[in-house]
Protein chains: 2
Amino acid sequence: MSEKITIYDIAKKLNITAATVSRALNNNPKIKESTRELVIKTAASMNYKQNKLALALKSGRSNNIGVIVPRIDSNFFASVIRGIEEELHPHGYQVIICQTHESPKRENENLYTLIDAQVDGIMMSVTDVTDENDGAFHYVLEKNVPLIFFDRSKHIDGVSSVTVNDFKGGYVATKHLINEGCREIAHFSGDQSLEIFKNRFLGYKQALLDNGLTFKEEYVIRTKSSVEAGKEAIDVLLALDTPPDALFSASDFAALGAIQELKERNISIPNEFCVAGFSNEPFTKFMELSITSVDQSPLEMGKMSARVFLEQVDKTDTIKIEKKVVLAPELHIRKSSSRTNF
Amino acid sequence: MSEKITIYDIAKKLNITAATVSRALNNNPKIKESTRELVIKTAASMNYKQNKLALALKSGRSNNIGVIVPRIDSNFFASVIRGIEEELHPHGYQVIICQTHESPKRENENLYTLIDAQVDGIMMSVTDVTDENDGAFHYVLEKNVPLIFFDRSKHIDGVSSVTVNDFKGGYVATKHLINEGCREIAHFSGDQSLEIFKNRFLGYKQALLDNGLTFKEEYVIRTKSSVEAGKEAIDVLLALDTPPDALFSASDFAALGAIQELKERNISIPNEFCVAGFSNEPFTKFMELSITSVDQSPLEMGKMSARVFLEQVDKTDTIKIEKKVVLAPELHIRKSSSRTNF
DNA sequence: ATGTATTATGTAATCGATTACACGAAAGTA
DNA sequence: TACTTTCGTGTAATCGATTACATAATACAT
């Protein structure tokens, strides 16, 4: 075990006080240049390392920020985290990861844990939006810890968010399907208590109406974000009297499930049926029958969240800044919906 | 801003000392039962929260562990991290993420940063294995911080590791290709200074020799783990006098690149050419022409790493335990190499 | 020479919790 | 009764760094 060197050890060696050492190391202008140099040289030679915990205790700032996501092993969330990490690392922040597994209970626990661990900020994608009376968020706000929502947001006064324009995403995807000649367009939605799914749905609906198509309730199916769920949902749709000729799915995984099932039934894609997904998961691009999907630029979302955090930290004295950043979605048109180009 | 309640506040209210409060909250047996109950009740009513930073400073333990990976937005690493987080969360540890982007310099920085942040342990997948004289690792060991390598390991005395049997993975994948009737099997390798790639290669070679096939140097190509690299590499192979009839790629991405290029050339898979990859990335399963791949059970790898950490922490007094856990790889046979079943 | 800035450093409190040691009170023993 | 344990709590140091305030030392002005 290497001995821990503290500023007291340096002070003793140089016959000065720890205060002087501290000031010298922190470039306090009141320190004589010669002293500063001596201290810095001695510190280096003794292999001194600042104890971050002591600093954190004194300053109340841990230089850690917490990130809460439903799960980390999804390309979207992992990419957002990557963005956050890359933006914050140069500023000396470490990123602490928490997963909720879509459980509001875990979400609360994580919030409390992070605050208790004295993180300097929290960035998160909420899991459930229903418990408005929930104490954990107020606990965060009371502590004046910057809180930033990304992707899945919640309306709380004074809280910033970075989201993608889901309405537009749903709109352009649906419009694209219409342009390809589809007239009976179905939609796989997620839990509409989450804004993102609500908005993707609304974008879809608006695109239909704006283009003279009728919106049919029975074409909208709520599915989980999984291949299996997509298969089951498309079965339901194909059993309708007028089955659809296209699908806009709010999940790439469900879109994939639908595609697999359609192939099983020898329905030709994109000739007889067009499909568009959402999220631009890596596999959508890799498939032989590549899948059209709406990109949410997760890396950018992460970086932007980090920037919003940096703006807010250190400004706790001023009026709380509420910044709503909305990124533009980008439709990646691929084979699953291209009757013309490929 | 909510006032911060400390044990001193509780002490003052009850006309006792902070020491008694601390002992009561920590279930110290020397405290009178009635006092303990009173303290606990008062603490709850005052909404007291233990200051983790103060605790960390005093105890020298932060309850954070650091994880260093090349990048987080890869399904493999994200899954390992998920495993680590799930195993460690119940024990009160938070997971701090660092990325190296395959840069040894960043790797060193991350190691120093984590130690300076007083993490209680470090789990990592190394980036580069060449600089044996590297100070950062010794710094970690000097501090007696448990260090565990997963997947990409480095030989350091007293350091535990959790890896998959890459030799076996390479062997079974190659053996499988041979069983399917392939005779001229090529191999995409990664940087062989990394054990994992070395061992996958050796397994491949051994399988060839054990089955009476000749090993050809020119069939082994070093590629990056990307689709593009795979395309370029297969071009080289197909230009040989005797082009191969199968490929075992140490990377799923490179395997995918090869498949795309082979299709481009109208070479039929698996009839004329079989392909197997490594890592079992999600997309390998999703493709219409699903790709055979070796699974490394990343979730299990993460959990196992966490367990090894838990065994080592708190036992710094004893002789250093060096535990080498080797998980069994599992070959997932899919269409890209199945001439018979599908 | 005396008084006043200015500069560099020391003193000591502080962040919040833990804990070795000390000590008074109660209980047990002879 | 007197003496020893045992029990419960208080005192104060400690973890390592920062910083308001005090003070010593020097420079400068009159």
Side-chain angles (χ1 to χ4, degrees), chain A residues 1-40 42-43 46-64 92 115-120 143-144, chain B residues 1-40 42-43 46-64 92 115-120 143-144:
Chain A
M1 177 75 103
S2 68
E3 347 68 70
K4 295 214 175 170
I5 304 297
T6 73
I7 53 173
Y8 294 92
D9 299 318
I10 300 175
K12 196 175 296 171
K13 183 159 202 167
L14 296 179
N15 258 324
I16 55 180
T17 56
T20 305
V21 174
S22 172
R23 283 189 276 248
L25 294 173
N26 287 289
N27 288 319
N28 184 311
K30 305 200 120 186
I31 289 293
K32 211 201 305 181
E33 196 48 37
S34 61
T35 311
R36 183 198 320 287
E37 282 170 16
L38 183 61
V39 167
I40 290 176
T42 313
M46 294 177 77
N47 204 17
Y48 165 77
K49 295 278 176 178
Q50 188 188 46
N51 183 317
K52 295 284 167 48
L53 293 179
L55 179 58
L57 174 60
K58 186 70 171 82
S59 67
R61 318 182 72 247
S62 64
N63 281 309
N64 289 148
I115 292 296
D116 292 349
Q118 225 107 347
V119 293
D120 297 339
K143 297 286 178 189
N144 244 325
Chain B
M1 173 76 101
S2 69
E3 348 68 68
K4 295 213 176 170
I5 304 296
T6 72
I7 52 173
Y8 293 94
D9 299 318
I10 300 175
K12 196 177 294 173
K13 184 159 200 167
L14 296 178
N15 260 323
I16 55 180
T17 55
T20 304
V21 174
S22 172
R23 283 189 276 248
L25 294 174
N26 287 289
N27 288 320
N28 184 312
K30 306 198 117 185
I31 289 292
K32 211 203 302 181
E33 196 48 37
S34 63
T35 312
R36 181 197 321 287
E37 281 170 16
L38 182 62
V39 168
I40 290 176
T42 313
M46 294 177 77
N47 206 17
Y48 165 77
K49 295 276 177 181
Q50 188 188 45
N51 183 318
K52 296 284 167 48
L53 294 180
L55 179 58
L57 173 60
K58 187 71 173 81
S59 67
R61 319 183 73 248
S62 63
N63 280 311
N64 290 148
I115 292 294
D116 292 349
Q118 225 108 346
V119 293
D120 298 339
K143 297 286 179 190
N144 245 326

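Only a predicted model underlies this, so the values are computations on that prediction, with no experimental measurement involved.
- Heavy-atom distances to DNA chain D give each of R23(B) and L57(B) a nearest nucleotide, and the one nearer the 5′ end belongs to R23(B).
- Look at Q118(B) and you won't find any side-chain N or O under 4.0 angstrom from OP1 or OP2 of dC15(D).
- OP1 or OP2 of dA17(C) has at least one side-chain nitrogen or oxygen of Y48(B) nearer than 4.0 Å.
- I10(A) approaches A43(A) most closely through the heavy-atom pair CD1-CB, 3.7 Å.
- Listed pair T17(A) / dT9(C) fails the phosphate criterion, with no side-chain N or O lying under 4.0 Å from OP1 or OP2.
- Contact annotation: side chain of R36(B) to base of dG8(D), donor-acceptor pair absent below 3.5 Å.
- Atom pair K32(A):NZ and dT9(C):C1' shows a separation of 9 Å (rounding to whole Å applied).
- For dA17(D), neither phosphate oxygen OP1 nor OP2 lies less than 4.0 angstrom from any side-chain nitrogen or oxygen of S22(A).
- The CD atom of E33(B) sits 10 Å away from the P atom of dG8(D) (whole-angstrom rounding).
- A straight line from CD1 of I7(B) to C1' of dA12(D) spans 13 Å, rounded to a whole angstrom.
- As rounded to whole Å, 9 Å separates atom C1' of dG16(D) from atom CG of L53(A).
- Here the C1' atom of nucleotide dA17(C) and the CG atom of N26(B) are 9 Å apart, to the nearest Å.
- Atom CD1 of residue I115(B) and atom NZ of residue K52(A) lie 11.5 Å apart, to the nearest 0.5 angstrom.
- We find the NZ-CZ distance between K30(A) and R36(A) to be 13.0 Å, quoted to the nearest 0.5 Å.
- N51(B) places its CG atom 13 Å from the C1' atom of dT14(C), with the value rounded to the nearest Å.
- Residue T35(A) has its side chain nearest to dT9(C) when only dT18(D), dG16(D), dT9(C) are considered.
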Stepwise side-chain contact (heavy atoms from CB on, under 4.5 Å) test for K13(B) and M46(B): CA-CA 10 Å; K13(B) 184 159 200 167; M46(B) 294 177 77; 3.7 Å; yes

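- As rounded to whole Å, 13 Å separates atom P of dA17(C) from atom NZ of K58(B).
- When the side chain to side chain donor-acceptor pair (under 3.5 Å) test is applied to T17(A), the partners found at least two apart in sequence or on another chain are T20(A).
- Using a 4.0 Å heavy-atom distance criterion, S59(B) is classed as making no nucleic acid contact.
- Rounded to an integer number of Å, the gap from NZ of K52(A) to P of dC15(D) is 20 Å.
- For T20(A) and dA8(C), the shortest distance from a side-chain N or O to OP1 or OP2 is not below 4.0 Å.
- At the phosphate of dG16(C), neither OP1 nor OP2 sits under 4.0 Å from any side-chain N or O atom of T6(B).
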